[in-house]
Amino acid sequence: MTSSTPPDPARFAEALETLRDVPGFAAAMPRTLEALASVSARVDAKADEVLLERASDVALVVGGGTLRVFDRVGGRLVPRGEVTRGALVGMSRAVVHGLAAVRVEAVRDAWVLRVPHAALEAAEEADGGLAAALAELSRTVLRRALLRDVLPGVLGALDAETLDEIEARATWVTLRRGATLFRQGDVADGWYVVASGRLQVVAEGAQGEERVLGEVGRGESAGEAAILGGATRTATLHALRDSELMSLRAADLEALAERNPRVALGIARNAVRRGLRRSHESPTPTARTHITVVPQRPQVDVTRFTAALVAQLSAYGPTLHLKAPAVDDRSTLAFMSSLPKDHPAWIRFSSWVEERASGARFVVLEADPIASSWSHRVVREADEVVLVADASGECRTSQQEGILFDDARNTRHARRTLVLRHAASTALPRDTAAWLDARHVDRHLHLRDGDDEAMARIARTLAGEAVSLVLGAGGARGIAHVGVLRAMREVGVPVDAVGGTSIGALVGALVAMGLTPAEMLDRLRLLARRRPFGDYALPVTSVLRGRRVERAAHELFGDVRIEDLWIPYFCNSCDISMFQDVVHTRGPVASAVLASTALPGVLPPQVRDGRLHVDGGTTDMLPGEAMRARSRGPMIAVDVSTERRLAFPEPRYPVSWAALWRRLRRRGPETPSLPELFMRAVSFGVARRTEAVAADAELFLRPPVERFGTVELTAMNEIEALGYAHALDPLRAFRWGPRAT
């Protein structure tokens, strides 16, 4: 290569004229171009001479002749094409490093201007017109490189002429997370290739309900079936992440396919492959989950939390941890982090993550303490956003949250989880409701400092591996739930979420408070000593007045609220005012448990917001369906309802006084009590629902406690022991956690 010379007045004028010929540079201020011309140097090159190879600190502006440009995509050199006067090659490190213009050579004698990157970057900061022009050039180069990277995987190997034609005919679509590409029933007017990002494919029902069919990721296409069939769209596509797609009109695609059989074959192959996949596989979520950790305020240090989360997630699959690069890092990512959040160079980010996360199940993206460009991008990239806050701090929405989440407000498929960190000495969280009222989150989790099991629970929840426990109705038989919990504790099976009905609601709340099985049994014995079923009333509306039951519930739970429980919890009741099931996820625990245990005819209904609530077992004795709607992962369901068959040896059922006399004298066949008769009557309508839960649960337990009465609290120890013995061996064989992956 010939030597370069500093610009003299003639060369300065030549450089200035050459810069003005760069598309878009006309928008730059005159003094900006003059400053760039003054630091540019002319370089002359002979045919086949290399002017640029690998990374460089300069950009090249073609002044004369023709240059051939190569990109490095996916570890290989890919010809980008030839450029002539006015072309700008390698306009910023964000493009040069790892993606574009890694090799530039002269096709024939040529000359170029070498413009230092530092000068270009300084000019961008000072001149908005130049910044916009360079951004658009960056966008063009990035899209071209992405397209040439993914097209061979979609259509097979293509010659340069076909690639050039596709690029010339293609248009680009940018979708923000949550945006819709097209809807079921739309006219099929184009074919799409995902260059970066991910989309979800859903079928829409007559009432607007959606059923997930699958996903389309980087290097995959969409829209073939409708075009091949000449019909309308058969599904709706939503962007799961910010996405860049190349689009070809149906007419252009047909013209290409007619001239190039390989194109037609590739399109048909993709349509058939997708159809087979949907018919033979159940839809699964994204193979890789992106989890973004955001500090609620700059003072919240998430570094330790993120490190612990990464360590726990690694047990469930390879996990990649990414955070903003150091200030002195000269990598592509460091340069991108300094760019505005909407700069086109961020198009590269999704592909950059894809390349580094190959084989990973989880990518944990750590946001900055402030609303930086990096923080904006990783929030928009997330499938799960984890907001970490100090429970002792200010609960109102922070500026950090407002900026980041307003920017990513269209987060259709990004779940938001609030993690509240508590001091190690915290007995039970308080005032969680204020945190939830101040912001929109899909769920919240509590973390006590130094509590490794709580950290493991958070990781299992985010990984979709949470172990959920569903406890059914059954009166005093529900003491068997405590035995099951003792067996779980002994075997080492955790409880990451718990829900229940009636007695299951009561025991589940004790679990969520963090009590041990022994502590639960002690509290239940205390309840039994209060004789909660002894305050009989004139049976106009109910057999019992319910005052003792209410006092016992308030003694057990005090003013504890559901949202303040250590473990996610719900219980259900039946709203007989509106004829609907109700799932209680917030509010006082005592009130929710009383509503769930108000057995009709035995206890008076509970009044909540002007409506009458009765025992949840009236319609749903084992709320597995409600648990599935709230927790992903293996589910354990425990049924302690009445036995399925009851034979009575006499021709006539004794009337009330005769039944009471028989019980007192202990003569004749035993007659079921009023609560048991009622439970058996309502069980007829919900038995199938329970059996559906039995079929769905990964572990279904039905302890042999049928011989005990619904209010037989005196047999508490025996019932608990039966629950323990029945559950021990199945729990030892139960597969959960890393072993199940």
Side-chain angles (χ1 to χ4, degrees), residues 177-178 240-241 285-286 288-297 300-313 316 319 321 361-367 375 378-391 393 395 397-398 400-402 404-406 408-409 411-422 429 432-449 451 453-468 494-499 512 562-570 585-586 627-633:
R177 171 193 291 279
L240 288 172
R241 300 179 188 142
T286 307
R288 179 168 59 250
T289 301
H290 290 191
I291 301 170
T292 295
V293 180
V294 179
Q296 183 251 347
R297 295 188 183 279
V300 177
D301 180 11
V302 297
T303 300
R304 186 161 53 95
F305 172 87
T306 306
L309 177 62
V310 169
Q312 292 284 353
L313 287 173
Y316 296 89
T319 303
H321 178 199
R361 182 178 175 188
F362 305 103
V363 177
V364 179
L365 301 151
E366 183 179 335
S375 296
V378 296
V379 167
R380 284 161 54 174
E381 188 72 15
D383 301 309
E384 295 263 2
V385 177
V386 180
L387 182 67
V388 182
D390 183 348
C395 68
T397 304
S398 67
Q400 160 92 328
E401 290 178 82
L404 292 181
F405 294 152
D406 182 66
R409 58 188 176 276
T411 53
R412 174 187 174 87
H413 298 281
R415 183 193 295 266
R416 291 187 192 174
T417 298
L418 171 66
V419 173
L420 286 172
R421 289 174 23 180
H422 304 267
T432 305
W435 287 88
L436 300 179
D437 292 340
R439 57 189 45 80
H440 166 72
V441 294
D442 296 288
R443 61 187 172 197
H444 70 281
L445 300 167
H446 295 288
L447 174 63
R448 190 162 34 192
D449 286 346
D451 189 343
E453 178 50 36
M455 190 70 239
R457 179 182 305 119
I458 291 171
R460 287 192 294 268
T461 301
L462 295 174
E465 300 285 352
V467 179
S468 59
V495 178
D496 297 320
V498 60
I562 293 174
E563 56 268 35
D564 291 328
L565 298 172
W566 287 117
I567 297 174
Y569 164 85
F570 73 84
T585 57
R586 291 188 61 175
M627 179 61 80
R628 284 297 193 204
R630 288 160 178 77
S631 179
R632 288 189 294 127

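The model shown is predicted, which means the values in this text are computed figures rather than measured ones. These values consider heavy atoms only, across backbone and side chains, with no hydrogens, waters or symmetry-generated copies.
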- Heavy-atom check, side chain of L462 versus side chain of L309, under 4.5 Å: yes

- Query: Relative to the ring of H422, is the ring of H446 parallel (under 30°), tilted (30 to 60°) or perpendicular (over 60°)?
  - Reply: tilted

- Query: Has the side chain of R416 got a donor or acceptor atom that lies under 3.5 Å from a matching backbone atom of L387?
  - Reply: no

- Item | Non-hydrogen side-chain atoms of E381 and V363 separated by less than 4.5 Å | no

- Note on the structure: Closest non-hydrogen atoms of Q296 and Q400, given as atom of the first, atom of the second and distance, are O-CB, 4.0 Å

- Test applied, side chain to side chain contact (heavy atoms under 4.5 Å, CB included); reference residue, V364; option that passes from T289, V386, T319: T319

- Task: Taking side-chain contact (heavy atoms from CB on, under 4.5 Å) as the test, write out the residues that go with A463, two or more places apart.
- Result: L313, F362, E465

- Item | Contacts of type salt bridge (Lys or Arg N to Asp or Glu O under 4.0 Å), residue E366, not counting sequence neighbours | none

- L447 versus M455, closest heavy-atom pair with distance: CD1-N, 3.8 Å

- Task: Check whether any side-chain heavy atom of T397 sits under 4.5 Å from a side-chain heavy atom of F405, and report yes or no.
- Result: no

- Message: Tell me the closest heavy-atom pair linking A456 and Q312, and the distance in Å.
- Response: CB-OE1, 3.6 Å

- Report yes if the side chains of V300 and F305 come closer than 4.5 Å at any heavy-atom pair, otherwise no. no

- Item | Close side-chain approach of R630 and F570, heavy atoms under 4.5 Å | yes

- Partners passing side chain to side chain donor-acceptor pair (under 3.5 Å) against R628 (at least two apart in sequence or in another chain): D696, E698

